[in-house]
**Q** 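Structure incoming, see below.
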Amino acid sequence: MAHKKGVGSTKNGRDSIGKRLGVKKFNGSFIKPGQIIIRQRGKKYYNSDNTYISKDYTIHSKISGYVKFIKTKKRTYIKIIPIK
């Protein structure tokens, strides 16, 4: 019999922190230039009028206005409707 209790290293015990992805401004929300609309991995949502997409696929606003989500059969587009 062993005189010491066997202590093995655990294979669990790691977990990555959340990256805070998702929609930040919803349909009809007012937004200012440069604000983040969506943080995503890959192109789940596509940019349209008055928006731009950064290298990590985050969609930002170019102008002040209201967020509009446009759903087609294949894709969902984000556009900004300017203030009149």
Side-chain angles (χ1 to χ4, degrees):
M1 289 186 42
H3 293 287
K4 293 186 177 180
K5 185 177 180 183
V7 181
S9 63
T10 179
K11 291 187 178 182
N12 300 330
R14 333 170 261 291
D15 196 9
S16 60
I17 58 170
K19 301 297 184 236
R20 277 70 172 179
L21 301 176
V23 178
K24 307 300 178 188
K25 296 288 184 178
F26 293 93
N27 200 16
S29 300
F30 179 76
I31 197 165
K32 295 178 184 174
Q35 282 188 321
I36 295 173
I37 304 168
I38 292 182
R39 291 186 47 88
Q40 60 186 351
R41 293 290 171 259
K43 279 191 172 181
K44 182 174 180 185
Y45 297 93
Y46 289 77
N47 59 318
S48 185
D49 299 339
N50 302 318
T51 60
Y52 65 96
I53 194 161
S54 59
K55 68 178 183 178
D56 67 344
Y57 299 103
T58 299
I59 298 178
H60 301 268
S61 170
K62 281 186 186 175
I63 63 168
S64 293
Y66 294 94
V67 178
K68 179 78 175 169
F69 285 74
I70 300 161
K71 188 154 178 79
T72 63
K73 287 185 179 181
K74 292 186 177 181
R75 297 178 176 171
T76 302
Y77 292 94
I78 315 296
K79 77 185 265 186
I80 303 296
I81 300 171
I83 306 168
K84 294 181 179 171

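The figures that follow rest on heavy atoms only: side chains count, while hydrogens, waters and symmetry mates do not. Numbering of residues begins at 1 and proceeds along the displayed sequence.
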**Q** Flag the pair His60 / Gln35 as yes when at least one side-chain heavy-atom distance between them is below 4.5 Å, and no otherwise.
**A** no
**Q** Using 0.5 Å steps for rounding, measure from the NZ atom of Lys44 to the OG1 atom of Thr76.
**A** 8.5 Å
**Q** Backbone N or O of Gly18 within a donor-acceptor pair of the Arg20 side chain at under 3.5 Å?
**A** yes
**Q** At what distance, to the nearest 0.5 angstrom, does OG of Ser64 lie from CD1 of Ile81?
**A** 14.0 Å
**Q** Can you measure from OG1 (Thr51) to NZ (Lys62) and round to the nearest 0.5 angstrom?
**A** 7.0 Å
**Q** Test your reading of the model: is there a side-chain donor-acceptor pair from Gln40 to the backbone of Tyr45, 3.5 Å cut-off?
**A** yes
**Q** Kindly compute the distance separating CG (Asn27) from CD1 (Ile37), expressed to the nearest 0.5 Å.
**A** 11.0 Å
**Q** In terms of the angle between their ring planes, are Tyr77 and Tyr46 parallel, tilted or perpendicular, with boundaries placed at 30° and 60°?
**A** tilted
**Q** Of all the heavy-atom pairs spanning Ile83 and Tyr66, show the shortest one and how long it is.
**A** CG1-CE1, 4.4 Å
**Q** Just so I know, are the side chains of Ile53 and Lys43 near enough to count as touching, which here means a heavy-atom distance under 4.5 Å?
**A** yes
**Q** Hey, are the side chains of Phe69 and Ile78 touching, using non-hydrogen atoms and a 4.5 Å cut-off?
**A** yes
**Q** What's the spacing between Ile59 CD1 and Ile38 CD1 if we round to 0.5 Å?
**A** 5.0 Å
**Q** Less than 4.5 Å apart, side chain to side chain, heavy atoms only: is that true for Lys32 and Ser61?
**A** no
**Q** Quick check for you: to the nearest 0.5 Å, what is the distance between Lys25 atom NZ and Ile31 atom CD1?
**A** 6.0 Å
**Q** Mark yes when over 12 heavy atoms from residues, nucleotides or ligands other than Lys24 sit less than 6.0 Å from its NZ; otherwise mark no.
**A** yes
**Q** Do Asp49 and Ile80 touch side chain to side chain, with heavy atoms closer than 4.5 Å?
**A** no
